[in-house]
Protein chains: 2
Amino acid sequence: MTRRHQQIAEELRRAIADGTHPVGSELPSESELALAHGVSRGTLRQAFGTLQSEGLIGSRQGARRTVLSTTPSQSFTELRSFAQWARAGDRAPGGLVLRSHRAKATEAQAAQLQLVPGEMVLNVLRLRTLDGEPALLERTVYAGWAAAAVEALPDDCESVTQSLYETAGVVMSHGEHHLDAVAAGTTDARELGVRRGSPLLRVRRTTTTSEGRPVETSDDRYRPGSVVFTVRNSVQANPLVRTAAD
Amino acid sequence: MTRRHQQIAEELRRAIADGTHPVGSELPSESELALAHGVSRGTLRQAFGTLQSEGLIGSRQGARRTVLSTTPSQSFTELRSFAQWARAGDRAPGGLVLRSHRAKATEAQAAQLQLVPGEMVLNVLRLRTLDGEPALLERTVYAGWAAAAVEALPDDCESVTQSLYETAGVVMSHGEHHLDAVAAGTTDARELGVRRGSPLLRVRRTTTTSEGRPVETSDDRYRPGSVVFTVRNSVQANPLVRTAAD
DNA sequence: GAGTGGTCTAGACCACCCC
DNA sequence: GGGTGGTCTAGACCACTCA
């Protein structure tokens with residue numbers, strides 16, 4: 001029993017993808033489509049709104065909507081989970097925990113995870129692979145209340161996000177990502193198989209539940225050529241996408 | 001004569017920023033606020049939708065909306081214009097054209113700018129500075145129809161985006177950004193004042209008008225420590241933010 | 001000036017959360 | 001079970017685009 005506006009959005013997405021509405025073309029008007037689908041204009045606008053926030057279509061008052069792009073942006077589901085993202089692109093995700101230990105939160109960590117300094121956290125160093133090739137090195141800090149669930153996972157667990165949901169009911173629904181470039185350190189170089197000092201894309205992120213409670217904060221370093229982050233944005237909305245490098 | 005939903009959104013934004021609604025707290029219900037502002041629920045939901053897409057608040061069916069963050073995300077206006085972004089952070093933007101020449105579009109360029117191969121384009125190499133320090137090197141390709149307006153600009157023009165709008169009426173309203181890390185080449189190293197091979201954040205972007213007509217495509221390389229890109233995202237929306245490194 | 005999207009209203013029902 | 005957000009309707013007026 002999916003929502004009507006979702007069905008319509010999906011239909012339009014397909015029509016754009018298969019070339020019925022090529023890039024640059026004008027879409028039918030709201031009233032036309034509302035009539036055709038047998039819904040009110042409001043519902044149709046909701047469907048259009050979804051496509052707009054995905055960067056597929058644009059709009060200006062007074063003129064018909066136009067197609068901006070044919071490739072839909074990633075869902076947040078794919079963004080937050082490395083494994084789900086990899087599988088969506090038909091690549092085999094892998095994971096390996098290299099180190100894992102509990103410790104007291106440093107001041108910086110406590111601030112980021114909204115804990116009191118000295119509270120327990122779980123530090124995990126994890127190597128992620130794509131089709132067996134090292135892709136990135138994660139240095140993740142989990143809040144103490146999530147530590148037990150993470151430690152219970154197997155070392156080679158593919159999808160931590162999904163496992164955390166299944167075993168502990170933790171839903172990660174918001175994230176903040178900071179992207180910049182750094183030189184590979186000794187550990188980075190050894191695990192990722194690159195030379196020390198070579199460029200890495202660094203993504204520092206914090207993920208929180210829907211209530212805004214931080215679950216984890218992480219420093220992820222991507223091997224060049226393995227992953228590119230894509231952001232499609234507009235005056236109206238700006239989604240983030242992680243894309244495999246060509 | 002601003003829109004009612006914009007006024008309400010602005011009011012809520014302020015109330016969140018000044019601590020009236022701290023992070024993690026619950027906001028009043030839609031009906032309450034609608035009544036208080038003398039608008040219908042629909043209008044109020046529109047205001048909430050804006051704040052949601054800015055990453056300020058989150059929502060779950062059945063529960064009240066909660067405050068996720070106090071700092072509003074950047075507007076696209078600030079994202080697309082380096083100068084506007086810099087000034088918003090109280091830093092002095094600078095620009096200097098190092099090279100500029102017309103050429104026939106390569107196949108790749110033509111594809112990205114939706115031109116026919118061989119059509120004329122304008123290549124510009126531009127150094128951008130923050131408070132006099134080199135921050136990034138831009139290799140920009142402008143579509144031929146925008147070339148004349150760009151060439152007419154002074155070499156040290158601060159804001160190309162704004163000037164293009166003022167002189168040619170070109171409004172850039174959509175962009176696609178790809179982020180990864182690369183090693184500094186000879187030119188990069190010389191102009192940015194770093195060693196060859198040192199890590200740079202690369203942002204490849206294409207900007208289009210509201211009709212989806214590409215205006216420019218660019219390869220921007222940021223000196224480490226000068227700029228960090230931030231993306232705040234959620235199940236509902238994911239805006240991109242460019243942040244000065246600390 | 002006809003058509004289009006942007007805004008707004010006043011209702012309604014449902015799914016879900018929490019008490 | 002009462003309150004909340006999510007969905008949907010059927011109207012209305014306005015600002016804007018374009019022929």
Side-chain angles (χ1 to χ4, degrees), chain A residues 1-12 21 24-53 56-68 169-171 173-174 209-213 234-237, chain B residues 1-12 21 24-53 56-68 169-171 173-174 209-213 234-237:
Chain A
M1 178 343 224
T2 53
R3 298 297 162 309
R4 199 75 188 85
H5 70 92
Q6 286 179 354
Q7 292 175 17
I8 297 172
E10 183 50 36
E11 236 170 275
L12 289 168
H21 301 300
S25 69
E26 288 189 341
L27 291 167
S29 74
E30 293 179 356
S31 340
E32 272 178 62
L33 284 174
L35 192 64
H37 287 89
V39 297
S40 78
R41 210 183 131 211
T43 304
L44 203 105
R45 279 179 66 81
Q46 217 175 337
F48 267 154
T50 306
L51 268 62
Q52 208 151 318
S53 75
L56 289 178
I57 63 177
S59 72
R60 304 135 55 208
Q61 192 172 50
R64 289 195 171 195
R65 278 171 228 270
T66 53
V67 179
L68 294 173
V170 176
V171 180
S173 72
H174 294 271
T209 66
S210 56
E211 295 89 13
R213 193 179 184 192
S234 70
V235 174
Q236 292 111 6
Chain B
M1 185 328 237
T2 55
R3 300 294 162 309
R4 197 78 188 83
H5 70 90
Q6 285 180 354
Q7 292 175 15
I8 297 172
E10 182 50 36
E11 234 170 278
L12 288 168
H21 301 300
S25 70
E26 288 189 342
L27 291 168
S29 76
E30 293 180 355
S31 341
E32 272 178 62
L33 284 174
L35 192 65
H37 287 90
V39 298
S40 79
R41 212 183 130 210
T43 304
L44 202 106
R45 280 179 65 82
Q46 219 175 336
F48 268 154
T50 306
L51 268 62
Q52 209 152 316
S53 75
L56 289 178
I57 64 176
S59 71
R60 303 134 58 206
Q61 193 171 48
R64 291 196 170 193
R65 288 181 160 80
T66 53
V67 179
L68 294 173
V170 176
V171 180
S173 73
H174 295 271
T209 66
S210 56
E211 296 88 17
R213 195 177 182 194
S234 71
V235 174
Q236 292 110 6

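We use all heavy atoms of the structure for the numbers below, so side chains are in, but hydrogens, waters and symmetry mates are not. In what follows, every chain begins at residue 1, and chains take the letters A, B, ... in the order their sequences are listed. For clarity, every value in this text was computed on a predicted model and none was experimentally measured.
For S40(A), the side chain to side chain contact (heavy atoms under 4.5 Å, CB included) test picks out T43(A), with sequence neighbours left out.
Separating the CG atom of L44(A) from the C1' atom of dC8(D) is a distance of 12 Å, rounded to the nearest angstrom. Going from atom CD of Q46(B) over to atom C1' of dG6(D) covers 16 Å, rounded to whole Å. Here the C1' atom of nucleotide dT9(C) and the NE2 atom of H5(B) are 14 Å apart, to the nearest Å. Counting to the nearest Å, the P atom of dG3(C) and the CD atom of E26(A) are 15 Å from each other. Protein atom CZ of F48(A) is 15 Å distant from nucleotide atom P of dT7(C), rounded to whole Å. Taking atom CG of residue L35(B) and atom C1' of nucleotide dG3(D), one finds them 15 Å apart after rounding to whole Å. Atom CD in Q52(B) sits roughly 14 Å away from atom C1' in dT4(D) (whole-Å rounding). Atom pair E30(A):CD and dG11(D):P shows a separation of 17 Å (rounding to whole Å applied).
Distances shown here put every side-chain N or O of R41(B) at or beyond 4.0 Å from the OP1 or OP2 atom of dT9(C). Contact annotation: Q61(A) does not reach the phosphate of dT17(D) (side-chain N/O to OP1 or OP2, under 4.0 Å). Checking the phosphate oxygens (OP1, OP2) of dG3(C), no side-chain nitrogen or oxygen of S31(A) falls inside 4.0 Å. Between R64(B) and dT4(D), a side-chain N or O to OP1/OP2 separation shorter than 4.0 Å is present.
Projected onto DNA chain D by closest heavy-atom contact, S40(A) and A63(A) fall at different nucleotides, the more 5' of which corresponds to S40(A). Heavy-atom distances to DNA chain C give each of G62(A) and R45(A) a nearest nucleotide, and the one nearer the 5′ end belongs to G62(A).
For dG6(C), the base has no donor-acceptor partner in the side chain of R4(B) [N/O atoms by modelled type, under 3.5 angstrom].
Nearest approach of T50(B) to A9(B), heavy atoms of both residues: CB-CB, 4.4 Å. Across every non-hydrogen atom of R4(A) and H37(A), the tightest pair is NH2-O, 3.1 Å.
The side chain to side chain contact (heavy atoms under 4.5 Å, CB included) test with L12(B) singles out one residue from L56(B), L44(B), L33(B), and that residue is L33(B).
Among the atoms of the strands shown, only primed sugar atoms or phosphate atoms (P, OP1, OP2) are found under 4.0 Å from some heavy atom of R65(A).
Checked by atom type, the side-chain pair Q52(A)/R65(A) shows a donor-acceptor distance below 3.5 Å.
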